[in-house]
**Q** 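Right, I'll just put the structure down here and ask away after.
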Amino acid sequence: MPVVPMKDILDRALAERYGVAAFNIVNDLTIEAVLAAAVEERAPVILQTSVKTVQMYGRSQLHDIVRALLRDVDVPVTLHLDHCPDRAVISDCLAGGWNSVLFDAHELNVAENLRQTIEVVAEARRTGAHVEGEIEGIQGVEDGIGSDAAATIQSLEVAVDFIKQTGVDCFAPAIGNAHGQYRQAPRLDGQRVSDLVAATGVPMALHGGTGLSDEQFTDLIARGCAKVNISTALKESYLKAGLEHLRAAADRDKWDPPALFRHQRAAVMQMAGRHIRLFGGSGKAW
């Protein structure tokens with residue numbers, strides 16, 4: 001199945017109140033493992049790329065890797081550029097085959113953010129792509145983007161006006177969530193998600209998913225968080241599995257790279273499958 005529009009995936013999820021897992025992949029192994037989990041679960045999935053990953057590989061090479069690994073995949077997949085404040089990178093990825101982008105202009109004032117987001121939406125439409133919008137920075141630094149300062153929350157009226165005027169297809173509200181590991185149990189404003197969905201009909205994106213309880217995920221998805229981002233959990237699964245294998249290899253003084261890759265793939269695939277099932281995405285492929 002070719003890459004499908006983000007809006008198609010998220011509108012179905014919102015209507016049926018399940019969440020689509022959006023994994024921040026880091027290389028070919030994690031791409032393949034996430035896709036294998038989605039196929040096993042018969043679930044739609046979103047492959048997210050950070051600006052850092054795009055720049056590390058180069059846009060063209062990274063897209064070629066994704067395209068090659070998608071060749072025999074038969075579940076809906078969206079390729080999404082996560083948290084990007086750089087218009088040039090957005091334009092490059094849209095021209096290069098990404099069909100979804102998050103224009104992260106929360107550091108601008110709301111009026112300028114709105115003006116530029118309207119432009120990004122128009123640009124995305126010319127390639128059949130979709131846009132996630134954001135006006136409030138999610139606390140925490142992820143892949144070099146963001147801040148540890150608490151987010152400034154805009155009023156419901158400002159957020160609704162932004163969504164309606166820009167025409168974004170998905171919106172990432174700040175509700176007490178944070179990127180990275182939580183230092184203490186987060187207190188989340190689920191009612192804000194419900195209010196935004198009721199006022200706009202637009203799917204919400206839940207950032208900072210790693211570390212939330214199963215009950216928090218279930219509640220927020222039921223309220224309208226149709227896109228659920230998972231980044232830290234993937235990185236931890238991938239790197240901790242590698243560390244575990246390498247420590248054992250050192251003890252045995254036996255070095256087998258394919259065995260390392262199999263161990264990491266299994267860990268990422270297990271992590272991805274667990275989140276897909278938790279979010280209610282299993283069996284939702286079409």
Side-chain angles (χ1 to χ4, degrees), residues 19 21-41 43 45-58 61-62 64-66 68-70 72-73 75 77 79-80 82-83 138-148 177-186 206-217 228-279 281-282:
F23 296 102
N24 281 66
I25 52 83
V26 296
N27 58 12
D28 58 335
L29 187 151
T30 55
I31 295 169
E32 194 279 329
V34 165
L35 291 173
V39 170
E40 186 172 272
E41 295 295 331
V45 71
I46 297 171
L47 296 179
Q48 298 197 147
T49 60
S50 69
V51 174
K52 180 188 289 187
T53 301
V54 172
Q55 292 175 337
M56 179 184 72
Y57 274 98
Q61 182 175 341
L62 181 57
D64 286 348
I65 291 169
V66 172
L69 292 172
L70 279 172
D72 298 320
V73 170
V75 297
V77 181
L79 180 60
H80 177 75
D82 198 23
H83 286 292
I138 308 300
Q139 186 174 7
V141 178
E142 183 175 54
D143 291 322
I145 294 176
S147 168
D148 287 324
N177 46 333
H179 292 132
Q181 288 288 4
Y182 291 97
R183 296 181 177 88
Q184 59 188 18
L206 174 60
H207 290 238
T210 301
L212 299 186
S213 69
D214 290 0
E215 292 75 18
Q216 286 173 317
F217 277 125
V228 187
N229 288 14
I230 298 294
S231 177
T232 301
L234 183 144
K235 295 170 187 171
E236 288 186 352
S237 297
Y238 175 68
L239 291 174
K240 287 181 177 180
L243 182 61
E244 177 184 62
H245 182 87
L246 290 172
R247 282 174 171 165
D251 289 342
R252 300 191 308 268
D253 194 24
K254 183 176 181 181
W255 306 97
D256 180 7
L260 167 64
F261 304 150
R262 286 193 297 271
H263 194 67
Q264 290 178 302
R265 178 186 186 274
V268 173
M269 192 173 170
Q270 181 182 44
M271 176 279 307
R274 185 181 75 81
H275 283 97
I276 289 169
R277 291 189 296 274
L278 174 61
F279 302 162
S282 296

**Q** So, for Leu212 and Phe217, which heavy atoms are closest and what is the spacing to 0.1 Å?
**A** O-CE1, 3.7 Å
**Q** What are the two closest non-hydrogen atoms of Ala22 and Gln48, and how far apart are they?
**A** CB-OE1, 3.4 Å
**Q** Rounded to the nearest 0.5 Å, how far apart are CD1 of Ile25 and CG of Leu62?
**A** 5.5 Å
**Q** Test side-chain contact (heavy atoms from CB on, under 4.5 Å) on His80 and Asn24; report intermediate values, then the result.
**A** CA-CA 9 Å; His80 177 75; Asn24 281 66; over 6 Å; no
**Q** How far does CG of Leu70 sit from CG of Leu47, to the nearest 0.5 angstrom?
**A** 6.5 Å
**Q** Any donor and acceptor pair, going by atom type alone, linking the side chain of Thr53 with main-chain N or O of Thr49 inside 3.5 Å?
**A** no
**Q** Any salt bridge (Lys or Arg N to Asp or Glu O under 4.0 Å) pairs touching residues 252-269, not counting sequence neighbours?
**A** Glu32-Arg265
**Q** Where the side chain of Gln264 meets the backbone of Ala241, is there a donor-acceptor pair that is under 3.5 Å apart?
**A** no
**Q** Is the closest side-chain heavy-atom distance between Leu234 and Val34 below 4.5 Å?
**A** yes
**Q** Using 0.5 Å steps for rounding, measure from the CG atom of Leu35 to the CE atom of Met269.
**A** 10.5 Å
**Q** Looking at Ala267, is its backbone amide N or carbonyl O close enough to the side chain of Gln270 to form a donor-acceptor pair, meaning the two atoms are under 3.5 Å apart?
**A** no
**Q** With heavy-atom distances below 4.5 Å as the criterion, would you say the side chains of Ile31 and Phe23 are in contact?
**A** no
**Q** So how far is it from Ile65 CD1 to Leu29 CG, rounded to the nearest 0.5 Å?
**A** 11.5 Å
**Q** Begin from the C-alpha positions of Tyr57 and Asn27 and carry the test side-chain hydrogen bond (donor to acceptor under 3.5 Å, both in side chains) through to its verdict.
**A** CA-CA 9 Å; Tyr57 274 98; Asn27 58 12; 5.2 Å; no
**Q** Could you list the donor-acceptor pairs under 3.5 angstrom formed between side-chain atoms of residues 271-278 and any protein atom two or more places apart in sequence or on another chain?
**A**
residue, atom, partner, partner atom, Å
His275, ND1, Met271, O, 2.9
Arg277, NH1, Glu41, OE2, 2.7
Arg277, NH1, Gly273, O, 3.3

